[in-house]
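Here's the structure, in C-alpha coordinates; my notes come after.
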Amino acid sequence: MKRMLWVILMMSCCATFISSLFPVYSEYYQLNSLQITILFAIYAAFLLPTLLIVGAKGSEWGLKRVIRFSILISIVSTLIFLVSFDVWMLYVARILEGIAYGAFTGTASIFLLKQTSQDKVSKAIKLSGVTINIGFGLGPAISGLIVQYVHFQPLHMPYWFLLIMLLSSLVFLELLPKEEDSQVQKPVKTKISLGVPDDIRAHFWSFIGLPIFTVFTLVGIVFSLIPSFTKNVIHTDNLSISGLLILLLLGGGALVQFSPWPRNHITRMRI
(Lines give C-alpha, C1' and ligand atoms only; values in the text may rest on other atoms or scores of the structure.)
Protein backbone atom coordinates (compact mmCIF):
# COMPACT_ATOMS: atom_id res chain seq x y z
CA MET A 1 0.00 0.00 0.00
CA LYS A 2 2.81 2.43 0.88
CA ARG A 3 4.46 2.06 -2.52
CA MET A 4 1.23 2.74 -4.38
CA LEU A 5 0.55 5.76 -2.16
CA TRP A 6 3.98 7.10 -3.17
CA VAL A 7 3.03 6.69 -6.84
CA ILE A 8 -0.24 8.56 -6.19
CA LEU A 9 1.65 11.33 -4.36
CA MET A 10 4.14 11.84 -7.21
CA MET A 11 1.47 11.87 -9.91
CA SER A 12 -0.65 14.32 -7.91
CA CYS A 13 2.38 16.61 -7.56
CA CYS A 14 2.83 16.46 -11.33
CA ALA A 15 -0.80 17.43 -11.97
CA THR A 16 -0.43 20.85 -10.28
CA PHE A 17 3.31 21.42 -10.61
CA ILE A 18 2.97 24.21 -13.18
CA SER A 19 0.64 26.37 -11.07
CA SER A 20 3.39 28.43 -9.43
CA LEU A 21 5.11 28.90 -12.79
CA PHE A 22 2.23 30.65 -14.58
CA PRO A 23 3.59 34.15 -13.74
CA VAL A 24 7.01 33.14 -15.09
CA TYR A 25 5.53 31.85 -18.34
CA SER A 26 3.28 34.90 -18.58
CA GLU A 27 6.28 37.22 -18.41
CA TYR A 28 8.63 35.13 -20.56
CA TYR A 29 6.16 34.47 -23.42
CA GLN A 30 4.14 37.70 -22.93
CA LEU A 31 0.90 35.78 -22.37
CA ASN A 32 -2.32 37.67 -21.71
CA SER A 33 -4.98 36.63 -19.19
CA LEU A 34 -6.97 34.65 -21.76
CA GLN A 35 -3.92 32.62 -22.82
CA ILE A 36 -3.06 31.84 -19.19
CA THR A 37 -6.67 30.81 -18.55
CA ILE A 38 -6.63 28.47 -21.55
CA LEU A 39 -3.29 27.04 -20.40
CA PHE A 40 -4.90 26.35 -17.03
CA ALA A 41 -8.18 24.93 -18.40
CA ILE A 42 -6.96 22.85 -21.34
CA TYR A 43 -5.63 20.32 -18.83
CA ALA A 44 -9.14 19.63 -17.50
CA ALA A 45 -10.65 19.59 -21.00
CA PHE A 46 -8.55 16.52 -21.86
CA LEU A 47 -8.54 14.99 -18.38
CA LEU A 48 -12.32 14.50 -18.18
CA PRO A 49 -12.91 12.45 -21.37
CA THR A 50 -9.78 10.40 -20.65
CA LEU A 51 -11.06 9.68 -17.13
CA LEU A 52 -14.43 8.65 -18.55
CA ILE A 53 -12.93 6.24 -21.09
CA VAL A 54 -10.14 4.77 -18.98
CA GLY A 55 -12.34 4.53 -15.88
CA ALA A 56 -14.64 2.23 -17.82
CA LYS A 57 -11.98 0.30 -19.76
CA GLY A 58 -9.05 0.28 -17.28
CA SER A 59 -9.74 -3.16 -15.80
CA GLU A 60 -10.14 -4.62 -19.27
CA TRP A 61 -6.81 -3.17 -20.43
CA GLY A 62 -4.94 -3.99 -17.21
CA LEU A 63 -4.75 -1.55 -14.29
CA LYS A 64 -1.01 -1.71 -13.77
CA ARG A 65 -0.38 -1.35 -17.49
CA VAL A 66 -2.59 1.77 -17.68
CA ILE A 67 -0.86 3.33 -14.66
CA ARG A 68 2.54 2.62 -16.20
CA PHE A 69 1.53 4.33 -19.44
CA SER A 70 0.07 7.31 -17.55
CA ILE A 71 3.41 7.82 -15.75
CA LEU A 72 5.27 7.55 -19.06
CA ILE A 73 2.97 10.14 -20.64
CA SER A 74 3.63 12.43 -17.65
CA ILE A 75 7.36 11.98 -18.22
CA VAL A 76 6.93 12.93 -21.90
CA SER A 77 4.92 15.99 -20.84
CA THR A 78 7.69 16.99 -18.42
CA LEU A 79 10.33 16.59 -21.14
CA ILE A 80 8.31 18.86 -23.45
CA PHE A 81 8.19 21.51 -20.71
CA LEU A 82 11.96 21.10 -20.36
CA VAL A 83 12.71 21.72 -24.04
CA SER A 84 9.86 24.16 -24.76
CA PHE A 85 10.76 27.24 -26.79
CA ASP A 86 7.31 28.35 -27.94
CA VAL A 87 3.81 28.70 -26.46
CA TRP A 88 2.31 25.85 -28.48
CA MET A 89 4.67 23.42 -26.72
CA LEU A 90 3.24 24.50 -23.36
CA TYR A 91 -0.25 23.66 -24.57
CA VAL A 92 0.86 20.27 -25.89
CA ALA A 93 2.55 19.49 -22.56
CA ARG A 94 -0.59 20.50 -20.64
CA ILE A 95 -2.78 18.33 -22.90
CA LEU A 96 -0.53 15.32 -22.27
CA GLU A 97 -0.59 16.14 -18.55
CA GLY A 98 -4.39 16.06 -18.58
CA ILE A 99 -4.50 12.76 -20.48
CA ALA A 100 -1.93 11.22 -18.13
CA TYR A 101 -3.70 12.19 -14.92
CA GLY A 102 -7.12 11.32 -16.34
CA ALA A 103 -5.88 7.81 -17.14
CA PHE A 104 -4.15 7.59 -13.76
CA THR A 105 -7.18 8.73 -11.74
CA GLY A 106 -9.42 6.21 -13.48
CA THR A 107 -7.28 3.27 -12.38
CA ALA A 108 -5.07 4.21 -9.41
CA SER A 109 -7.67 3.87 -6.63
CA ILE A 110 -8.87 0.50 -7.94
CA PHE A 111 -5.30 -0.77 -8.21
CA LEU A 112 -4.53 0.47 -4.68
CA LEU A 113 -7.49 -1.49 -3.31
CA LYS A 114 -6.32 -4.62 -5.16
CA GLN A 115 -2.97 -4.24 -3.36
CA THR A 116 -4.66 -3.83 0.04
CA SER A 117 -5.98 -6.50 2.39
CA GLN A 118 -9.71 -6.44 3.15
CA ASP A 119 -9.25 -5.24 6.73
CA LYS A 120 -7.37 -2.14 5.56
CA VAL A 121 -9.62 -1.07 2.67
CA SER A 122 -11.26 1.77 4.62
CA LYS A 123 -7.85 3.08 5.71
CA ALA A 124 -6.51 2.85 2.14
CA ILE A 125 -9.43 4.88 0.75
CA LYS A 126 -8.91 7.65 3.31
CA LEU A 127 -5.12 7.71 2.83
CA SER A 128 -5.60 7.83 -0.93
CA GLY A 129 -7.75 10.98 -0.67
CA VAL A 130 -5.31 12.57 1.78
CA THR A 131 -2.33 11.73 -0.43
CA ILE A 132 -3.98 13.24 -3.52
CA ASN A 133 -4.76 16.50 -1.71
CA ILE A 134 -1.27 16.79 -0.23
CA GLY A 135 0.25 16.00 -3.63
CA PHE A 136 -1.85 18.70 -5.30
CA GLY A 137 -0.51 21.17 -2.73
CA LEU A 138 3.09 19.95 -2.76
CA GLY A 139 3.45 20.31 -6.55
CA PRO A 140 3.16 24.13 -6.73
CA ALA A 141 4.93 24.52 -3.37
CA ILE A 142 8.00 22.64 -4.64
CA SER A 143 8.09 24.39 -8.03
CA GLY A 144 7.61 27.81 -6.40
CA LEU A 145 10.43 27.24 -3.91
CA ILE A 146 12.80 26.03 -6.65
CA VAL A 147 12.08 28.99 -8.96
CA GLN A 148 12.33 31.51 -6.14
CA TYR A 149 15.47 30.28 -4.38
CA VAL A 150 17.42 28.25 -6.96
CA HIS A 151 18.54 31.01 -9.28
CA PHE A 152 19.37 28.78 -12.23
CA GLN A 153 17.25 28.20 -15.36
CA PRO A 154 13.86 28.94 -13.72
CA LEU A 155 11.92 27.47 -16.67
CA HIS A 156 13.89 24.22 -16.61
CA MET A 157 15.24 23.40 -13.15
CA PRO A 158 11.80 22.63 -11.59
CA TYR A 159 11.11 20.07 -14.30
CA TRP A 160 14.39 18.25 -13.72
CA PHE A 161 13.24 17.81 -10.14
CA LEU A 162 9.80 16.67 -11.32
CA LEU A 163 11.39 14.22 -13.74
CA ILE A 164 13.25 12.56 -10.86
CA MET A 165 10.00 12.36 -8.88
CA LEU A 166 8.16 10.70 -11.77
CA LEU A 167 10.98 8.22 -12.39
CA SER A 168 10.85 7.27 -8.71
CA SER A 169 7.10 6.63 -9.03
CA LEU A 170 7.75 4.37 -12.03
CA VAL A 171 10.32 2.39 -10.02
CA PHE A 172 7.90 2.02 -7.08
CA LEU A 173 5.14 0.87 -9.44
CA GLU A 174 7.33 -1.85 -10.90
CA LEU A 175 8.16 -3.06 -7.37
CA LEU A 176 4.49 -3.79 -6.70
CA PRO A 177 3.25 -7.39 -6.99
CA LYS A 178 2.20 -8.47 -10.45
CA GLU A 179 -1.00 -10.14 -9.28
CA GLU A 180 -3.17 -8.43 -11.82
CA ASP A 181 -0.84 -9.15 -14.77
CA SER A 182 -0.74 -12.82 -13.88
CA GLN A 183 -4.52 -13.27 -13.79
CA VAL A 184 -5.83 -15.13 -16.80
CA GLN A 185 -9.37 -13.98 -17.24
CA LYS A 186 -11.63 -13.33 -20.17
CA PRO A 187 -11.88 -9.54 -20.62
CA VAL A 188 -15.20 -8.16 -19.41
CA LYS A 189 -16.87 -5.84 -21.91
CA THR A 190 -17.71 -2.55 -20.26
CA LYS A 191 -19.90 0.27 -21.50
CA ILE A 192 -18.75 3.88 -21.35
CA SER A 193 -21.53 5.91 -19.76
CA LEU A 194 -21.96 9.27 -18.06
CA GLY A 195 -25.11 8.23 -16.24
CA VAL A 196 -25.43 7.70 -12.49
CA PRO A 197 -26.29 4.03 -11.72
CA ASP A 198 -29.94 3.50 -10.78
CA ASP A 199 -29.19 2.00 -7.37
CA ILE A 200 -27.41 5.15 -6.11
CA ARG A 201 -29.10 7.84 -8.19
CA ALA A 202 -31.44 9.08 -5.43
CA HIS A 203 -28.62 9.33 -2.88
CA PHE A 204 -26.28 10.95 -5.40
CA TRP A 205 -28.62 13.78 -6.34
CA SER A 206 -30.02 14.28 -2.83
CA PHE A 207 -26.81 14.79 -0.84
CA ILE A 208 -23.64 13.83 -2.74
CA GLY A 209 -23.59 15.53 -6.15
CA LEU A 210 -24.26 19.13 -5.11
CA PRO A 211 -21.73 19.30 -2.21
CA ILE A 212 -18.99 17.73 -4.35
CA PHE A 213 -19.74 20.13 -7.24
CA THR A 214 -19.77 23.12 -4.88
CA VAL A 215 -16.54 22.22 -3.09
CA PHE A 216 -14.58 21.50 -6.26
CA THR A 217 -15.92 24.65 -7.95
CA LEU A 218 -14.88 26.87 -5.05
CA VAL A 219 -11.49 25.18 -4.64
CA GLY A 220 -10.88 25.40 -8.39
CA ILE A 221 -11.64 29.11 -8.46
CA VAL A 222 -9.45 29.84 -5.43
CA PHE A 223 -6.71 27.58 -6.80
CA SER A 224 -6.59 29.45 -10.12
CA LEU A 225 -6.68 32.90 -8.50
CA ILE A 226 -4.00 32.41 -5.81
CA PRO A 227 -1.04 33.39 -8.08
CA SER A 228 -2.82 36.63 -9.05
CA PHE A 229 -3.89 37.20 -5.44
CA THR A 230 -0.32 37.06 -4.16
CA LYS A 231 0.85 39.51 -6.81
CA ASN A 232 -2.02 42.04 -6.78
CA VAL A 233 -3.33 41.85 -3.20
CA ILE A 234 -0.36 40.79 -1.08
CA HIS A 235 1.93 42.74 -3.45
CA THR A 236 4.76 40.24 -3.55
CA ASP A 237 6.66 38.72 -6.45
CA ASN A 238 7.86 35.83 -4.31
CA LEU A 239 6.64 32.80 -6.30
CA SER A 240 7.04 30.46 -3.34
CA ILE A 241 4.26 32.31 -1.47
CA SER A 242 1.54 31.27 -3.94
CA GLY A 243 2.81 27.68 -3.92
CA LEU A 244 2.80 27.56 -0.13
CA LEU A 245 -0.70 29.08 0.00
CA ILE A 246 -1.93 26.35 -2.34
CA LEU A 247 -0.26 23.76 -0.08
CA LEU A 248 -1.97 25.35 2.93
CA LEU A 249 -5.36 25.20 1.20
CA LEU A 250 -5.13 21.61 -0.02
CA GLY A 251 -2.97 20.26 2.80
CA GLY A 252 -5.44 21.67 5.30
CA GLY A 253 -8.24 19.90 3.46
CA ALA A 254 -6.27 16.66 3.63
CA LEU A 255 -5.56 16.88 7.37
CA VAL A 256 -9.19 17.70 8.21
CA GLN A 257 -10.10 14.23 6.92
CA PHE A 258 -8.52 12.82 10.08
CA SER A 259 -10.93 14.78 12.26
CA PRO A 260 -13.17 12.40 14.27
CA TRP A 261 -16.07 14.85 14.28
CA PRO A 262 -18.78 14.65 13.15
CA ARG A 263 -18.97 10.87 12.92
CA ASN A 264 -22.06 10.85 10.72
CA HIS A 265 -20.90 11.05 7.09
CA ILE A 266 -24.00 12.91 5.82
CA THR A 267 -23.71 15.52 8.57
CA ARG A 268 -20.02 15.95 7.71
CA MET A 269 -20.82 16.57 4.04
CA ARG A 270 -23.54 19.08 4.91
CA ILE A 271 -21.15 21.02 7.15
Side-chain angles (χ1 to χ4, degrees), residues 8-48 74 77-78 81 84 87 90-91 93-98 100-102 104-105 129-151 154-159 161-162 165 211-257 259:
I8 292 173
L9 179 66
M10 294 298 100
M11 285 295 288
S12 299
C13 285
C14 176
T16 57
F17 200 80
I18 192 178
S19 298
S20 293
L21 303 178
F22 281 139
V24 180
Y25 283 122
S26 178
E27 183 178 346
Y28 185 81
Y29 288 109
Q30 295 298 302
L31 303 179
N32 57 39
S33 298
L34 177 61
Q35 290 172 306
I36 287 291
T37 302
I38 294 173
L39 188 61
F40 181 86
I42 198 170
Y43 162 85
F46 282 82
L47 182 149
L48 291 173
S74 291
S77 170
T78 303
F81 275 122
S84 62
V87 179
L90 301 182
Y91 289 112
R94 284 290 282 170
I95 289 171
L96 290 176
E97 212 169 52
Y101 200 73
F104 182 80
T105 304
V130 169
T131 302
I132 289 170
N133 267 358
I134 291 177
F136 282 166
L138 270 178
I142 292 171
S143 60
L145 287 167
I146 292 174
V147 170
Q148 186 65 39
Y149 297 109
V150 180
H151 303 290
L155 292 179
H156 299 96
M157 181 56 68
Y159 293 108
F161 195 86
L162 179 60
M165 292 163 63
I212 290 175
F213 178 82
T214 304
V215 168
F216 275 88
T217 300
L218 291 173
V219 170
I221 292 171
V222 174
F223 190 74
S224 63
L225 291 176
I226 280 179
S228 298
F229 175 83
T230 55
K231 183 177 181 179
N232 299 319
V233 179
I234 303 180
H235 301 296
T236 176
D237 293 324
N238 189 323
L239 295 175
S240 66
I241 299 295
S242 61
L244 292 172
L245 281 174
I246 293 171
L247 176 59
L248 182 65
L249 169 69
L250 298 175
L255 295 177
V256 163
Q257 294 184 50
S259 170

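Start at 1 with the first residue, then count along the sequence.
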Check your understanding: Can you list the steps and then say if Y91 with I38 is a side-chain contact (heavy atoms from CB on, under 4.5 Å)?
Key -> CA-CA 9 Å; Y91 289 112; I38 294 173; 3.7 Å; yes
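- Residues satisfying the side chain to side chain donor-acceptor pair (under 3.5 Å) criterion with Y43, sequence neighbours excluded, are absent altogether.
- A search for side-chain contact (heavy atoms from CB on, under 4.5 Å) contacts involving Y29 returns Y25, L31, S84, V87, L90, not counting sequence neighbours.
- Under the 3.5 Å distance criterion, the side-chain polar atoms of S77 are left unmatched by any main-chain donor or acceptor of L96.
- The 12-atom threshold is exceeded at CG of N232, counting heavy atoms of other residues, nucleotides or ligands nearer than 6.0 Å.
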Check your understanding: Are T236 and K231 close enough, and set up right, to give a side-chain contact (heavy atoms from CB on, under 4.5 Å), and what steps lead you there?
Key -> CA-CA 5 Å; T236 176; K231 183 177 181 179; over 6 Å; no
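- Legend: residues meeting ring pair (Phe, Tyr, Trp, His ring centres under 6.0 Å) with F81, ordered by chain and number and at least two apart, are Y159.
- Shown here for M11 and A100, the closest heavy-atom pair between the two residues is CE-O, 4.3 Å.
- Across all their heavy atoms, P23 and S19 have their closest contact at CD-O, 4.3 Å.
- Contact detail for I42 and L39: the closest heavy-atom pair is CG2-O, 3.7 Å.
- Between M157 atom CE and I146 atom CD1 the span is 8.0 Å, to the nearest 0.5 Å.
- Under a 3.5 Å cut-off, the side chain of S26 and the backbone N or O of F22 do not form any donor-acceptor pair.
- Going from atom CD1 of I18 over to atom CZ of F40 covers 10.5 Å, rounded to the nearest 0.5 Å.
- A search for side-chain contact (heavy atoms from CB on, under 4.5 Å) contacts involving V215 returns V219, not counting sequence neighbours.
- Side-chain contact check for L138 versus L9: some heavy-atom pair is nearer than 4.5 Å.
- Residue F161 places its CZ atom among 12 or fewer non-hydrogen atoms of other residues, nucleotides or ligands, all under 6.0 Å distant.
- Residue I212 holds its CD1 atom at 11.0 Å from OG1 of T217, rounded to the nearest 0.5 Å.
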Exercise for review: Verify side-chain contact (heavy atoms from CB on, under 4.5 Å) between C14 and Y101, making sure each step is shown before the conclusion.
Suggested key: CA-CA 9 Å; C14 176; Y101 200 73; over 6 Å; no
Donor-acceptor contacts under 3.5 Å from residues 238-249 side chains, at least two apart:
from, atom 1, to, atom 2, distance (Å)
N238, OD1, S240, N, 3.0
N238, OD1, S240, OG, 2.4
N238, ND2, Y149, OH, 3.2
S242, OG, L239, O, 3.0

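- Rounding to the nearest 0.5 angstrom, the gap separating the CD1 atom in I221 from the CZ atom in F216 is 13.5 Å.
- Here the CG atom belonging to L162 is positioned 5.0 Å from the CZ atom belonging to F17, to the nearest 0.5 angstrom.
- Here OG1 of T16 is found 8.5 Å from CD of E97. Values are rounded to the nearest 0.5 Å.
- Side-chain contact check for I8 versus S12: some heavy-atom pair is nearer than 4.5 Å.
- Summarising the geometry of I142 relative to M165, their closest heavy-atom pair is CD1-CE, 4.2 Å, with the distance given to 0.1 Å.
- Contacts classified as side-chain hydrogen bond (donor to acceptor under 3.5 Å, both in side chains) and involving residues 129-140 (residues at least two apart or in different chains) are not found.
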